[in-house]
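As a basis for the values below, the full set of heavy atoms in this structure was taken, side chains included, without hydrogen atoms, waters or symmetry mates. What you see is a predicted model; the values in this text were computed from it and never measured. Labels below follow one simple rule: chain letters A, B, ... track the order of the sequence lines, proteins then strands, and each chain is numbered from 1.
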Amino acid sequence: MSADHPPRLRFAPSPTGFLHVGGARTALLNWLYARHTGGTFLLRIEDTDRARSTEESTRAIFDGLRWLGLDWDEQVVFQGANGERHKRDAFRLLERGLAYRDFTTAEELARQREAAGDGFRIDRARVDLPQEESDRRAAAGEPFAIRFRVPDGDTAWHDAVHDWIRFPNKDIEDFIILRSDGTPVYNLAVVSDDIEMRVTFVMRGDDHISNTPKQILLYQGLGAQLPRFAHVPMIHGIDGKKLSKRHGATAVGDYAQLGILPAAMVNFLSLLGWSPGDDTEVMSLYELIRRFSLDGLQRKAAIFDPKKLEWMNGQHLSLDPLDHVEPHITRAIVDAGLATAESLHARREWYEQLLTQLRVRARTTLELAQQARVYFEPTVTYDEEAIAKFWKDVPTTRSMLQATRDRLATLDTWTADAMEQGLRALAESLGVSGGKIFQPLRVALVGVTASPGIFDVLLLLGRDTSLARLDAAVRWLDDASGAAAS
RNA sequence: GGCGCUAUCGUCUAGAGGCCUAGGACACAGCCCUCUCAAGGCUGGAACACGGGUUCGAAUCCCGUUAGCGCUACCA
């Protein structure tokens, strides 16, 4: 707790699924604080629930964190490997008289709980046996769980986001710390590991607030120094309920698949429950580290709004340094089957032009890849709406496209200036506005009504392809008028 | 039921007693720019949960109510 030492923080997920956005946000906040203060960020996998934990999930957590760019210090700790220490700590508490054996079987306990209904509390007077009897039954080999004997008084702590939180100990039941099979219960395992890992700052979801007094009691019983606590708000779905599958994508991996950039995800997540204090919204990881402060932490649960995430992604997609976003876009383009990474690299200059044109127009890399399709595939498919809108009058369109083609073909140089000059002159000679030429041309080149500026498209496509597409459009229009005539 | 946490536009938030006629962003609508689409610019509608205090003065402090969420396991 002393301010003169950099803090040690940890993220401690249980590997029972993929890295959830809620977990990712908790990890991010811990990471940001560690990096901001020059502290240490540790990772602990809480795999004590053998039945639900999988290696695949552990890998998914590593992958998710790495994708977000959240690196951890020191060796990853696997909680399941620390069973012996957890057990030792439980017995230490027992020997010090701070805990006691409970010989009630789990089945009996369940029966009592059911019979008593809602407000069931164990009766310490009946369960906490006289020392001799407890020792005798234990010596006889009778199985027992170990319960922590909650002392009188209050347990309070200064929370970094909530200020003081106080619990009367009478509201805390003597809780089990070691099961009768010798395995630790969550609160004991967490405290035992956090002490061992020398964690000085525990930042976690506020669903853990009611665990905290129990854990503080355990720290005290074990004679360890308390860490600082910060309980951050949860993330909810659009209906205000806990984020779940019903809300669509909830794993960070899902968002990678949907074309979201890690920089955008991190930026968006950081602003859910935290604010830099002013109106700044679009920030790089570096800026987030620099500006992060506990003061900006919110107390209220935040609702995950995918719309704003998309907007944020669009911002990063178009504003971040190109070499930051390029690998992610390239993956989307390769995944879409448009090109190989090698072929893109071979045409590096052209590819950068393409990205420069497209990235300001797309909100996701998926969307960008979709828009890029027409620059990779040999033929153009004409969108029905585009035809209806700009190729309505077939003979007129045909002659205009033919004239456009001829004019472009006579250009000395294939530059935007030359094209513009030539095409504007053509428009003037035909007595129409530039748009009357550009729009049908756009349909001929890309098949749809939306694209980068028409000269940029011509540049990207190149002279040969552009002229070939114009020829193909003229042929298509010939077929159309032929079909109409017969 | 008990205990705890929370409460500013639909959403994310600024606000730490007078700077608030409550600011920004997303979304929505309109306009401008313009060869289209984006981006950008401008404009508009939109909030201090309710009721009591304290104070010359409250979104900000206190109490209560209501609502939401969490915990109440030999789950994590």
Side-chain angles (χ1 to χ4, degrees), chain A residues 12-14 16 46-49 51-53 79 102 104-107 109-110 113 117-121 143-147 159 162 165-168 170-173 175-181 183-187 189-190 205-214 231 233-234 236 238 240-242 268 271-282 295-296 298-305 307-312 314-315 318-319 357-363 371 386 389-390 420 423-424 427 433-439 441-443 446 448-455 457:
Chain A
S14 47
T16 55
E46 307 214 320
D47 54 350
T48 45
D49 188 346
R52 288 195 296 158
S53 301
Q79 187 162 68
D102 181 353
T104 317
T105 63
E107 297 72 38
L109 196 58
R113 198 179 303 281
D118 237 1
F120 176 79
R121 292 282 295 261
F144 58 86
I146 296 180
R147 270 185 201 278
D159 196 276
H162 295 274
I165 300 181
R166 177 175 302 274
F167 283 81
K170 65 173 172 52
D171 292 328
I172 307 170
E173 189 177 48
F175 53 97
I176 287 180
I177 54 178
L178 197 75
R179 298 188 187 93
S180 47
D181 66 0
T183 61
V185 170
Y186 174 74
N187 283 311
V190 166
D206 64 15
D207 51 338
H208 284 289
I209 286 179
S210 23
N211 280 324
T212 305
K214 296 179 187 173
H231 287 92
M234 310 287 289
H236 288 166
I238 12 90
K241 297 253 162 44
K242 203 170 171 162
F268 175 73
L271 259 18
L272 244 37
W274 176 76
S275 156
D278 60 22
D279 295 336
T280 317
E281 296 215 89
V282 181
D295 298 336
Q298 190 79 12
R299 311 151 96 101
K300 183 182 65 162
I303 289 172
F304 187 94
D305 179 7
K307 276 278 204 322
K308 187 149 187 176
L309 204 212
E310 270 202 17
W311 168 80
M312 184 69 81
Q315 293 290 309
S318 44
L319 268 25
Q357 287 303 325
L358 295 187
R359 69 182 183 134
V360 296
R361 277 162 247 268
R363 291 206 149 188
Q371 288 170 16
K389 200 163 176 192
F390 296 116
E420 175 143 27
L423 260 26
R424 294 264 185 216
S433 66
K436 283 279 185 283
I437 290 188
F438 301 151
Q439 295 294 28
L441 173 58
R442 171 171 283 113
V443 178
V446 298
V448 290
T449 58
S451 82
I454 199 70
F455 308 117
V457 174

For nucleotides 44-49 of chain B, which of its nitrogen or oxygen atoms have a protein nitrogen or oxygen under 3.5 Å away, and what is each distance?
none

Any protein N or O atoms within reach of nucleotides 59-68 of chain B? Criterion: under 3.5 Å, listing atom names and distances.
none

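Comparing the P positions of B:rG24 and B:rG15 gives a spacing of 15 Å, expressed to the nearest Å. Spacing of P atoms, B:rA38 relative to B:rA27, comes out at 12 Å, to the nearest Å. Comparing the C1' positions of B:rC12 and B:rA7 gives an interatomic distance of 15 Å, to the nearest angstrom. For B:rC71 and B:rU54, the P atoms lie 40 Å apart once the distance is rounded to whole Å. Annotation: B:rG2 and B:rA58 have their C1' atoms spaced 34 Å apart (nearest Å). B:rC48 and B:rA59: their C1' atoms are spaced 4 Å apart (whole Å). Taking the P atoms as reference points, B:rU60 lies 13 Å from B:rG51, given to the whole Å. Between B:rU21 and B:rU11, the distance separating the two C1' atoms is 24 Å to the nearest Å.
Residues A:Leu441 and A:Leu423 meet the side-chain proximity criterion, which asks for heavy atoms closer than 4.5 Å. Side-chain contact between A:Phe144 and A:Leu178: absent, with no pair of heavy atoms (C-beta onward) separated by less than 4.5 Å. Inter-residue side-chain proximity for A:Asp181 and A:Pro143 is flagged as unmet; no heavy-atom pair is nearer than 4.5 Å. Counting only heavy atoms from C-beta outward, the side chains of A:Asn187 and A:Ile177 never approach each other to under 4.5 Å. Between A:Lys308 and A:Glu281 there is a side-chain heavy-atom pair separated by less than 4.5 Å.
For the pair A:Thr212 (side chain) and A:His208 (backbone), a donor-acceptor distance under 3.5 Å is present. Without hydrogens or angle criteria, A:Asp159 side chain to A:His231 main chain gives a donor-acceptor distance under 3.5 Å. The backbone N or O of A:Arg299 sits nowhere less than 3.5 Å from a side-chain atom of A:His162 that would complete a donor-acceptor pair. A donor-acceptor pair is defined here as one N or O able to donate and one able to accept, closer than 3.5 Å; such a pair exists between the side chain of A:Ser275 and the backbone of A:Gly277. Proximity of a side-chain donor or acceptor of A:Arg442 to a complementary backbone N or O of A:Pro452 within less than 3.5 Å is detected.
Residue-level contact check: A:Gly277 touches the backbone only, with heavy atoms under 4.0 Å from sugar-phosphate atoms and none from bases. Within the 4.0 angstrom heavy-atom criterion, only backbone atoms of the sugar-phosphate kind lie near A:His162; the bases stay farther away. Residue A:Ser14 is in sugar-phosphate contact alone, with no base atom involved, counting any heavy-atom pair closer than 4.0 Å across all strands shown. Within the nucleic acid shown, A:Thr105 comes within 4.0 Å of at least one base atom, counting heavy atoms only. Counting non-hydrogen atoms under 4.0 angstrom, A:Gly453 reaches a base of the nucleic acid. Among the heavy atoms of the strands lying under 4.0 Å from A:Thr104 is at least one base atom, whether or not backbone atoms are also near. Within 4.0 Å (heavy atoms only), A:Ala302 reaches sugar-phosphate atoms of the nucleic acid but no base atom. At the heavy-atom level, A:Asp181 lies nowhere under 4.0 Å from the strands shown. Residue A:Pro452 is classed as a base contact, given a heavy-atom separation below 4.0 Å to a base. Across all strands, A:Arg113 comes closer than 4.0 Å only to sugar-phosphate atoms, never to a base (heavy-atom distances). Here A:Phe175 lies out of heavy-atom contact (under 4.0 Å) with every strand. A:Leu271 comes within 4.0 angstrom of sugar-phosphate atoms only, judged by non-hydrogen atoms across all strands, and of no base. Residue contacts shown for A:Ile303 are limited to sugar-phosphate atoms, with no base heavy atom under 4.0 Å away. At the heavy-atom level, A:Gly314 lies nowhere under 4.0 Å from the strands shown.
The A:Glu281 side chain lies nearest to B:rA25 when the options are B:rA25, B:rG2, B:rC74. Of the candidate nucleotides B:rU36, B:rG70, B:rA76, B:rU36 has the atom lying nearest to any side-chain atom of A:Thr449. Distance from the side chain of A:Arg424 is smallest for B:rC35 among the nucleotides B:rG4, B:rC74, B:rC35. Considering only the side chain of A:Ser275, B:rA14 comes nearest among B:rA14, B:rC26, B:rC71. Considering only side-chain atoms of A:Phe455, the nucleotide from B:rC35, B:rC74, B:rU72 that sits closest is B:rC35. Of the candidate nucleotides B:rU36, B:rG4, B:rU8, B:rU36 has the atom lying nearest to any side-chain atom of A:Arg361.
Taking atom CH2 on A:Trp311 and atom C1' on B:rG24, their separation rounds to 10 Å, with Å as the unit. A:Met234 places its CE atom 7 Å from the P atom of B:rG70, with the value rounded to the nearest Å. Between the CD1 atom of A:Ile177 and the P atom of B:rA76 there is a distance of 14 Å, rounded to whole Å. As rounded to whole Å, 14 Å separates atom P of B:rG4 from atom NZ of A:Lys214. If you measure from atom CD1 of A:Ile165 to atom C1' of B:rG70, you get 12 Å, rounded to the nearest angstrom. When the C1' atom of B:rC12 is taken as reference, atom CG of A:Leu272 falls 7 Å away, rounded to whole Å.
How far CZ of A:Phe438 is from CD of A:Glu420: 6.0 Å, rounded to the nearest 0.5 Å.
Nucleotide B:rC35 has no partner under the Watson-Crick or G-U criteria, as no pair reaches both atom distances under 3.5 Å. In this structure B:rA7 sits in a base pair with B:rU66, meeting the Watson-Crick or G-U test at under 3.5 Å.
When all heavy atoms are compared, the tightest approach of A:Leu272 to A:Ala302 is CG-CB, 3.9 Å. The shortest heavy-atom contact between A:Leu319 and A:Arg359 is N-NH1, 4.3 Å.
The phosphate of B:rC37 has neither OP1 nor OP2 within less than 4.0 Å of any side-chain N or O from A:Arg442. OP1 and OP2 of B:rA38 both lie 4.0 Å or more from every side-chain N or O belonging to A:Arg359. Between A:Arg299 and B:rU6 there is a side-chain N or O to OP1 or OP2 distance below 4.0 Å. Note on A:Lys307: every side-chain N or O is 4.0 Å or more away from OP1 and OP2 of B:rG10. Regarding contacts with the backbone of B:rA27, a side-chain N or O of A:Arg363 is found under 4.0 angstrom from either OP1 or OP2. Close to B:rG40, at under 4.0 Å from its OP1 or OP2, lies a side-chain N or O of A:Gln315. Within the structure, a side-chain polar atom (N or O) of A:Gln298 is placed less than 4.0 Å from OP1 or OP2 of B:rA14.
Evaluation of atom-type donor-acceptor distances gives a pair under 3.5 Å for the side chain of A:Ser180 against the base of B:rC74. With hydrogens and angles ignored, a donor-acceptor pair under 3.5 angstrom links the side chain of A:Asn211 to the base of B:rA76. For A:Lys308 and B:rA25, a side-chain-to-base donor-acceptor distance below 3.5 Å is present, hydrogens and geometry of angles not being considered.
The pair A:Glu173-A:Lys214 does not count as a salt bridge, with every side-chain nitrogen at least 4.0 angstrom from each carboxylate oxygen.
Nearest-nucleotide mapping onto RNA chain B: of A:Ala450 and A:His208, the residue sitting toward the 5' end is A:Ala450.
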